[in-house]
Amino acid sequence: ITVGQGGHDESLITNNVIQNLDQETTNDSQFPTVNGILFDANNSDPGTVTNATVNNNTIRDIESDIAPLGIVIQHKTDGVTINNNEIRGFTAADDTDSDPSDSVDFGFTFAQGINVASPATADTVINHNVIEDITSAETVLPEAVKIDGDGSGLTFRANQFLVAVGLNNKNGTDDSGRDPSDDPVVDAKNNWWGSADGPEEAEFNQDADDDERSDVVGNVTFEPFL
């Protein structure tokens, strides 16, 4: 499901099942990703999504040679709710060795339940979502939520982050020397991270570990936790 470039008001995406997507790369592929729900905008003039609702959707069983992504937001946001969605069963697996026709090898894969690449966020709530069973075959660990843009207007409540990296606020895949405290803090209090001890903290994606206790990366407020 794609919402295109420009401003959109009162978009309603609810009660859908998006499943069994399979994407294979070819020589003509640029940087392919496969998306369940995509708010698709460019960086120069993305427009604003206002009063949008993305609720009660199931996104499952998605596979890509490079990157399966569940919900992606690239527009500015103002008054957006992303609630009660189930996102599970994603596999990022570069199969160039098993399938010679897929001759493009980017050298890495990544997988994310929700990606926020918005240049500005306001009054955007992400509540009661279940994100689990997301795997990546290469060195980049899978992430329930990755924030590549502004996270200052986001609020996460009562989500189940059951992925190696539960939430990554803008940090990359290696230790770049940047200070994450310079980033706007993301409000992720009262979420479940797979353990009664709450999340583990990691400096960057590859510094996290893949166990039943999800990691948090970057400038995130996560206490108290469920």
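What you see is a predicted model, and the numbers here were worked out from it, not measured in a lab. Values below: all heavy atoms of this structure, side chains included; hydrogens, waters and symmetry mates excluded.
Expressed to the nearest 0.5 Å, how far CG of Asn51 lies from CG of Leu12 amounts to 11.5 Å. Atom CG in Asp78 sits 6.5 Å away from atom OG1 in Thr50 (nearest 0.5 Å). Remark: Ile82 CD1 to Leu154 CG distance equals 8.5 Å, nearest 0.5 Å. We find the CG-CG distance between Asn85 and Asn55 to be 6.5 Å, quoted to the nearest 0.5 Å. Atom CG of Asn169 is separated from atom CG of Asp148 by 9.5 Å, given to the nearest 0.5 angstrom. Between the CZ atom in Arg88 and the CD1 atom in Ile59 there is a gap of 11.5 Å [rounded to 0.5 Å].
In terms of modelled atom types and a separation under 3.5 Å, the side chain of Asn129 and the main chain of Glu86 share no donor-acceptor contact. Panel note: side chain Thr109, backbone Ile66; no donor-acceptor pair is recorded below 3.5 Å. Using a distance-only test at 3.5 Å, with no hydrogens or angles considered, a donor-acceptor pair links the side chain of Gln74 to the main chain of Ala41. A donor-acceptor pair is defined here as one N or O able to donate and one able to accept, closer than 3.5 Å; such a pair exists between the side chain of Asp150 and the backbone of Ser152. Proximity of a side-chain donor or acceptor of Asn16 to a complementary backbone N or O of Ile18 within less than 3.5 Å is not detected.
Leu167 and Phe204 fall into different hydrophobic clusters, where Ile, Leu, Val, Met, Phe, Trp and Tyr residues are linked whenever their side-chain heavy atoms come under 4.5 Å apart, directly or through other members. Both Val54 and Val3 are assigned to one and the same hydrophobic cluster, defined by single-linkage of ILVMFWY side chains at heavy-atom distances under 4.5 Å. Under the 4.5 Å side-chain heavy-atom criterion for Ile, Leu, Val, Met, Phe, Trp and Tyr, Ile114 and Val165 are members of distinct hydrophobic clusters. In the hydrophobic clustering of ILVMFWY residues, with side-chain heavy atoms under 4.5 Å counting as a link, Leu69 and Phe108 come out together. When hydrophobic clusters are built by joining Ile, Leu, Val, Met, Phe, Trp and Tyr residues whose side-chain heavy atoms come closer than 4.5 Å, directly or via intermediates, Ile1 is grouped together with Ile71.
The two residues Asn127 and Thr155 make their nearest non-hydrogen contact at OD1-O, 3.8 Å. Across all non-hydrogen atoms, the minimal contact from Pro68 to Phe110 is CD-O, 3.3 Å. Pairing each heavy atom of Asp197 with each of Arg213, the nearest pair is O-NH2, 3.3 Å. Between Gln23 and Ser64 the shortest heavy-atom distance is OE1-OG, 2.7 Å. Taking all atoms of both residues into account, the shortest heavy-atom contact from Gly153 to Thr121 is N-OG1, 3.0 Å.
If you chain together ILVMFWY residues whose side-chain heavy atoms come under 4.5 Å of each other, Leu162 ends up grouped with Trp192, Leu226.
Between Ile126 and Asn159 the shortest side-chain heavy-atom distance falls below 4.5 Å.
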Query - Verdict with reasoning, Asn83 to Thr81, per side-chain hydrogen bond (donor to acceptor under 3.5 Å, both in side chains) - result: CA-CA 6 Å; Asn83 295 344; Thr81 62; 4.5 Å; no
Requested in this report: Begin from the C-alpha positions of Asp40 and Gln5 and carry the test side-chain hydrogen bond (donor to acceptor under 3.5 Å, both in side chains) through to its verdict.
Outcome: CA-CA 6 Å; Asp40 187 16; Gln5 174 82 9; over 6 Å; no
Query raised in the report: Between Gln19 and Asp61, does a side-chain hydrogen bond (donor to acceptor under 3.5 Å, both in side chains) hold up when you go through it step by step?
Result: CA-CA 5 Å; Gln19 64 182 359; Asp61 301 331; over 6 Å; no
Requested in this report: Take Phe156 and Val186 through the side-chain contact (heavy atoms from CB on, under 4.5 Å) test and state the conclusion after the steps.
Outcome: CA-CA 8 Å; Phe156 295 85; Val186 172; 3.6 Å; yes
**Report entry** Audit row: Thr77, Ser118, side-chain hydrogen bond (donor to acceptor under 3.5 Å, both in side chains) steps and yes/no
**Finding:** CA-CA 7 Å; Thr77 65; Ser118 305; 4.7 Å; no
Report task. For the pair Asp187 and Arg157, evaluate salt bridge (charged side-chain N to carboxylate O under 4.0 Å, His left out) and give the outcome as yes or no after the intermediate values. Result -> CA-CA 9 Å; Asp187 183 352; Arg157 295 288 186 271; 2.8 Å; yes
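Considering Ile62, Ile131, Ile37 in turn, Ile131 is the only one that fulfils the side-chain contact (heavy atoms from CB on, under 4.5 Å) rule with Ile87. Evaluated for a side-chain contact (heavy atoms from CB on, under 4.5 Å) with Asn205, the options Val217, Asp215, Leu141 yield exactly one hit, Leu141.
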